[in-house]
There are 2 protein chains.
Amino acid sequence: MVTEASAVRESAVATEVIDFNALRKSCGSCALAQLCLPASIGADDLTRLDHLVQQRKPTDRGTTLFDTGSSHARLYVVRSGSFKTYVDLPDGDHQVLGFHLPGDLLGLDALPSERHRCSAEALERSTVCEVPFNDLSVVASKLPGLQQQLYRVMSDQFALEQEHMVMMGRRQAPARLAIFLHSLSERRKRLGLDPLELNLSMSRQDIANYLGLVIETVSRLMGRFQTAGVLEVERRIVRIRDMDALRAMAHGGDTPTDTQKSASSSS
Amino acid sequence: MVTEASAVRESAVATEVIDFNALRKSCGSCALAQLCLPASIGADDLTRLDHLVQQRKPTDRGTTLFDTGSSHARLYVVRSGSFKTYVDLPDGDHQVLGFHLPGDLLGLDALPSERHRCSAEALERSTVCEVPFNDLSVVASKLPGLQQQLYRVMSDQFALEQEHMVMMGRRQAPARLAIFLHSLSERRKRLGLDPLELNLSMSRQDIANYLGLVIETVSRLMGRFQTAGVLEVERRIVRIRDMDALRAMAHGGDTPTDTQKSASSSS
DNA sequence: CGGACGTTTGAGCATATTCAACTGCGGTGG
DNA sequence: CCACCGCAGTTGAATATGCTCAAACGTCCG
C-alpha cells in the first residue's frame, strides 16, 4: 500500500487560529475531523479514507475551486479560510448561495455524471482537502460508518439551503441581516472561535447578494445596528455587543432604531 | 362521450383515473420508472429493490406524509397527485420549500439519524411509494448503479433548491411568478402531460408562500398576465397562451403589457 | 500624491405590502 | 329548492419598505 499521506510536501500556511502542523498530516490528526467525513469512523477505516484525500496548494483570494458547468466530481472540505458559492445571473451579477467556513463541504451539487451548477470562489487565501467522489463512493459502500456520515453531511447541506430559503422568503431586510450575522456567530462558536467577533471575509456586495438585498441596504442596516448598540462595526470586523437583541431581530419584526426596546444585554 | 386526447393524456397521472393495476405491481412496470430510483439498473437488481418498496394507501388532501421533527428515515416517491414541503415559521405562516409532482422524491432532508426539517403535505389525494432509507442504503452499497442513481437524485434536489434561491434572490414579483409557472410547465412536459394547461393543485396562498410574496400580489399578477394575453386563468386552471412571453418575463423581462419582447441578454 | 475601489450616506421613487371591502363558488341546513 | 354561511380569491387605495441614482468618503496601492 502507498502509505504516506501523499501531501506533506506543502509548507505551512498562515492562518490565525488553526494549527497546521496538526492538520497537515492526516484525517486522523485533523482538528476538523469531528466536523468532517471521518467523524465517527474507526481507526483503520480512517487509513483507507486518508489515501483518497489529496491536499491542495492554497487557493488565493478570488480563485475558483470549480466553476459552473465543470464536471470533475470531487468533494472539497474547507480547512482554512473561506469560500462563497454562487451562480451567475443573466443580468451580470451573482446570486450567492452560501459562505463556507472550515469544516464545510463543497461540491455536493455535482455528484457523479452531473455538472456543477454553481461556482466556488475563495474569499481569502484558503486551503482545502480534495476527495475524488467516485473513489469516496467506492470506499463508502464498504464502510457503513463512512457511508452514513456521507449521507449526514448531505442532509446537513439540505438543511442549510432550507434555512437560506426561509430567510429569503418573507423576512424583512433587518431580520435577514440579523439572521446572517447570528448564523455566522454560531458557526464560529462551533469552530471554537470567539462568537462575538466576526471577521467578515466577504464584501458587502457578497453579503447583499446572499441576502437578496442591495449593497446600500446592507450598509445602512449595519449603521442602524451600530447606532442601536447591537453591533460595533469597523469595516470588516463586526463585534456583537447585544446578542439577545440580535437574536430577537433575527426571529421577527423588530426596529433597530428603537434603542431601548428591552434592557437586555445578558449573554 | 366527451373523449379528448388531452383528457386521456391527463389521466395517465391524474389522481382519480390512475391505472393502479399497472402501477402497483412493481418498479419494473411503473410508468415512472425512468424518473425514479430504478432508472438504469438491471432487471435482477430491480427485483431486490422491489422488495424494499412499500405501497401506501392514498394520502388525502391536507394529510402530512411526515412532519418537522419526526425521524423515521424513509424516502418517498410521488406516484400520483402532488405534495408541498414547508417549514412552519414562528409568526404562524409557512415557508413553502417546494411542490412535488409524480416522480419526485421526498424525505431527503432526514437521512438516517437526522430529523425532518420540514413537513410534507398532500395537496390532493395522492399516492406514494415508500422505501426505508436504511434498507435502501444497504442494497445501494451493493449495486453501484442504484447507488449512483441515489446520488443523482440527491444532486438534482440540490439543483432544485438552488433554483428556488435564485428566484427568491433579487427577482421582481412578475419574474418570480413567471419562473414558477414556466417551471411547472416544464415539469408537466417531462411527465408527458400538456405543458400548456396547468392544473394548480396548490392554493394561491401556497404559491405566495413559495415565491416569498403575499397572496394579493400573486392574485394581481395573475390578472395582469391574463390581460396581457400571456395566460388564461380560470380559478386553478391556468392555460399558457404565450410561452415565449412567459419565458421572457421569467428571465427578467418585465412589463407584461408589452407584447414586444425580444431583447438579448446583456452583461 | 492621485487614482481606484469598496463603502457610506442622502434624496426621491417604485414596487410590493397592508388594510379593507367585495365577489363567487361550494357546502349545509331549513 | 333556496337561503345562508364560509372560504378562497379578487380588487382597490394608501402606506412603507427597499431600490435607484448620485455623490462623498476613506483606505489601499501604485
Side-chain angles (χ1 to χ4, degrees), chain A residues 61-62 84 89 91-94 96 123-124 167-180 199-227 231-238 249 252-258, chain B residues 61-62 84 89 91-94 96 123-124 167-180 198-227 231-238 249 252-257:
Chain A
R61 173 191 161 89
K84 66 172 173 184
L89 298 179
D91 64 3
D93 66 13
H94 297 162
V96 173
L123 294 169
E124 57 195 307
M167 186 207 61
M168 306 259 272
R170 252 185 59 52
R171 304 206 107 93
Q172 307 232 294
R176 295 193 197 189
L177 183 60
I179 289 171
F180 166 70
N199 200 330
L200 304 182
S201 57
M202 67 293 289
S203 68
R204 295 284 194 272
Q205 185 63 62
D206 287 334
I207 298 174
N209 285 342
Y210 176 74
L211 298 175
L213 300 171
V214 144
I215 183 173
E216 294 96 325
T217 304
V218 172
S219 184
R220 271 183 254 272
L221 287 173
M222 290 277 198
R224 266 166 66 184
F225 282 22
Q226 177 157 21
T227 54
L231 299 180
E232 189 181 322
V233 184
E234 185 187 315
R235 326 204 97 260
R236 295 206 170 177
I237 311 276
V238 172
M249 291 196 310
D254 217 20
T255 32
T257 34
D258 190 0
Chain B
R61 172 192 163 89
K84 66 172 172 182
L89 298 178
D91 63 4
D93 68 11
H94 297 163
V96 172
L123 294 168
E124 57 195 308
M167 186 205 61
M168 305 259 273
R170 252 183 59 52
R171 302 207 108 93
Q172 307 230 296
R176 294 193 198 188
L177 184 59
I179 290 171
F180 166 70
L198 309 181
N199 200 331
L200 304 181
S201 56
M202 67 293 289
S203 68
R204 295 285 195 273
Q205 185 62 63
D206 288 334
I207 297 175
N209 284 342
Y210 176 74
L211 298 176
L213 301 170
V214 291
I215 183 173
E216 294 96 324
T217 305
V218 172
S219 185
R220 271 182 255 272
L221 287 172
M222 290 277 198
R224 265 168 65 184
F225 283 21
Q226 176 156 18
T227 54
L231 298 180
E232 191 181 321
V233 184
E234 186 186 316
R235 328 203 98 258
R236 295 205 172 178
I237 311 276
V238 172
M249 291 195 311
D254 205 5
T255 328
T257 39

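All values reported here derive from a predicted model rather than from experimental measurement.
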- Message: If the cut-off is 4.0 Å, is B:R236 near the phosphate of D:dG9, judged by side-chain N/O to OP1 or OP2?
- Response: yes
- Whichever of A:M202 and A:Q172 has its nearest DNA chain C nucleotide further upstream toward 5': A:M202
- Query: Base, sugar-phosphate alone, or nothing: which one does A:E216 contact when heavy atoms must sit under 4.0 Å apart?
  - Reply: base
- Given atom CG of A:L177 and atom P of C:dT7, what is their separation to the nearest angstrom? 14 Å
- Message: What's B:R176 touching, base or sugar-phosphate or nothing? Going by heavy atoms closer than 4.0 Å.
- Response: nothing
- A:M202 side chain reached by A:Y210 side chain, heavy atoms, under 4.5 Å: no
- For A:R220, which contact category applies under a 4.0 Å heavy-atom criterion: base, sugar-phosphate, or nothing? base
- Query: Over how many whole Å does the gap from B:I207 atom CD1 to D:dA8 atom C1' extend?
  - Reply: 12 Å
- Item | C:dT17 phosphate, OP1 or OP2, under 4.0 Å from B:T217 side-chain N/O | yes
- Item | Distance in angstrom units between B:L213 CG and D:dT17 C1', rounded | 14 Å
- Interatomic distance, A:N209 CG vs D:dC19 C1' [rounded to whole Å]: 14 Å
- Task: Would you please confirm or rule out a distance under 4.0 Å between OP1 or OP2 of D:dT10 and any side-chain N or O of B:R204?
- Result: yes
- Message: Quick check for you: to the nearest 0.5 Å, what is the distance between B:Q172 atom CD and B:L213 atom CG?
- Response: 11.0 Å
- Query: Just by distance, do the side chain of B:R236 and the backbone of B:N199 share a donor-acceptor pair under 3.5 Å?
  - Reply: no
- Message: Can you tell me how far apart CD1 (B:I207) and CG (B:L200) are? Round to the nearest 0.5 Å.
- Response: 5.0 Å
- Roughly how many Å is it from CE in A:M222 to P in C:dT9, rounded to a whole number? 12 Å
- Item | Interatomic distance, B:R171 CZ vs D:dG18 C1' [rounded to whole Å] | 18 Å
- Query: Which part of the nucleic acid, if any, lies within reach of A:S203 when heavy atoms closer than 4.0 Å are counted: base, sugar-phosphate only, or nothing?
  - Reply: sugar-phosphate
- Would you mind reading off the distance between A:I215 atom CD1 and D:dT20 atom P, rounded to a whole angstrom? 12 Å
- Query: So how far is it from B:K84 NZ to B:N209 CG, rounded to the nearest 0.5 Å?
  - Reply: 7.5 Å
- Query: Whole Å only: how far is the CG atom of B:L221 from the P atom of D:dT10?
  - Reply: 11 Å
